[in-house]
Number of protein chains: 2
Amino acid sequence: MTAPVRVTKDESVFTMTVRDVADQSGVAESAVRFYERHGLVEAARTRGNQRRFAPDAPCRIKVARVAQRVGLTVREIGAVLSEVTPDSTPDVWARVGDRLVAEARERIRRLQETLDDLGSGQRLCEIDD
Amino acid sequence: MTAPVRVTKDESVFTMTVRDVADQSGVAESAVRFYERHGLVEAARTRGNQRRFAPDAPCRIKVARVAQRVGLTVREIGAVLSEVTPDSTPDVWARVGDRLVAEARERIRRLQETLDDLGSGQRLCEIDD
DNA sequence: GCTTGACCTCAACCAATGTTCAACTTCTAG
DNA sequence: CTAGAAGTTGAACATTGGTTGAGGTCAAGC
């Protein structure tokens with residue numbers, strides 16, 4: 001053993017620029033920075049203070065966008081994604097998926113409820129919140 | 001004919017105060033004023049500049065809230081409600097109901113689409129917007 | 001050495017949907 | 001008639017999810 005081995009983190013995986021992540025995830029650079037500030041993705045910094053993202057960043061952002069579609073706030077998405085690391089096993093991702101499915105079902109359920117109210121023959125202004 | 005007859009508008013139906021409307025529709029007074037500013041409800045003014053609403057105001061606001069639940073913006077709701085007057089026939093209200101039903105169905109459809117994507121076995125980060 | 005492009009931060013702005021506050025005015029009941 | 005409850009306005013604030021712009025830095029190529 002000649003050199004110290006860094007077990008915890010290989011900095012070299014942090015290679016993607018903001019531009020790269022924006023392109024590959026399909027959002028604006030400003031959004032990438034916004035998501036980083038809110039903890040959805042993590043970035044290392046170069047000596048010149050520039051962000052460098054790991055290759056999982058675009059994926060995380062894409063998942064975040066799906067999560068937004070089902071109605072999670074950025075804060076909630078941050079919490080969900082904080083459970084996932086680059087070395088997470090697939091079942092961790094599966095739980096994220098489950099969470100999104102549950103959320104989507106709930107939204108659908110509530111909308112369907114409203115829809116049922118609307119079709120109930122009840123007069124519109126008598127539908128309660 | 002001794003007195004001029006006002007055929008167009010009987011001001012005397014505008015009797016409800018902001019407080020009345022807020023109570024009967026279940027929203028805050030500030031919201032009632034907000035909705036008035038955005039044209040969801042109309043108010044006459046007393047000589048002292050206070051709002052007086054017609055009895056249909058709470059109903060309009062309740063419908064507006066249902067409309068919000070199905071995803072319409074205040075602007076859109078204003079447009080929808082502008083079709084309805086106190087003397088509208090029931091079928092005008094029915095069309096409002098239809099519009100809300102259509103909107104709710106559309107939202108449900110889109111959510112269901114996302115849900116299907118989530119269940120498709122596809123990896124999360126490969127779901128497109 | 002200089003220009004160019006990509007990046008940085010921080011602050012301001014946008015839209016939607018209200019709420020809250022201060023400073024007044026009006027209405028109503030006794 | 002007068003006190004107190006209730007109404008008025010406009011501006012500022014809050015929250016969510018970003019975008020835009022000014023002013024500054026950094027690295028590379030000519």
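Small disclaimer: the values here were computed from a predicted structure and weren't measured. We name chains A, B, ... by the order of the sequence lines, and we start the count at 1 in each one. We use all heavy atoms of the structure for the numbers below, so side chains are in, but hydrogens, waters and symmetry mates are not.
Salt-bridge annotation for A:Arg60 and A:Glu83: absent, with no side-chain N of the basic residue lying under 4.0 Å from a carboxylate O of the acidic one. Checked for salt-bridge contact, A:Arg110 and A:Glu113 miss the test: no charged N lies under 4.0 Å from a carboxylate O.
At the heavy-atom level, A:Arg52 lies nowhere under 4.0 Å from the strands shown. Within the nucleic acid shown, A:Ser30 comes within 4.0 Å of at least one base atom, counting heavy atoms only. In this structure, A:Thr46 reaches neither bases nor backbone, as no heavy-atom distance under 4.0 Å exists between it and the strands shown.
The distance between atom CZ of B:Arg33 and atom C1' of D:dG10, rounded to the nearest whole Å, is 13 Å. If you measure from atom CG of A:Leu72 to atom P of D:dT16, you get 13 Å, rounded to the nearest angstrom. The CZ-C1' distance, from A:Phe34 to D:dG18, rounds to 6 Å in whole Å. For the pair A:Glu36 CD and D:dG17 C1', the interatomic distance rounds to 16 Å; values are reported in whole Å. The CZ atom of A:Arg75 sits 14 Å away from the P atom of D:dG18 (whole-angstrom rounding). Remark: C1' of D:dA11 and CZ of B:Arg37 are 11 Å apart, rounded to the nearest angstrom. We find that CD of A:Gln68 is positioned 6 Å from P of D:dG17, with the value rounded to whole Å. For the pair A:Ile61 CD1 and D:dG18 P, the computed distance is 10 Å after rounding to whole Å.
Atom CG of A:Asp117 is separated from atom CG of B:Leu100 by 11.5 Å, given to the nearest 0.5 angstrom. The CG atom of B:Leu111 lies 8.0 Å from the CZ atom of A:Arg107; values are rounded to the nearest 0.5 Å.
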* When you look at A:Ile108 and B:Gln112, which way does the side chain to side chain contact (heavy atoms under 4.5 Å, CB included) test go after all the steps? -> CA-CA 7 Å; A:Ile108 289 173; B:Gln112 188 64 52; 3.5 Å; yes

* B:Asp98 and B:Arg105: salt bridge (Lys or Arg N to Asp or Glu O under 4.0 Å), yes or no, with the steps? -> CA-CA 10 Å; B:Asp98 291 347; B:Arg105 288 217 178 106; over 6 Å; no

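Chain A approaches DNA chain C over the interval C:dC7 to C:dT9, counting the first and last nucleotide 5' to 3' with an atom under 4.0 Å from its heavy atoms.
In this model, the phosphate group of D:dG7 is not approached by any side-chain N or O of B:Arg47 to a distance below 4.0 Å at OP1 or OP2.
A salt bridge (charged side-chain N to carboxylate O under 4.0 Å, His left out) with B:Arg51 is found for one member of B:Glu29, B:Glu36, B:Glu42 and no other, namely B:Glu36.
Judged by closest nucleotide on DNA chain C, A:Gln50 is the one of B:Arg65 and A:Gln50 placed further toward the 5' end.
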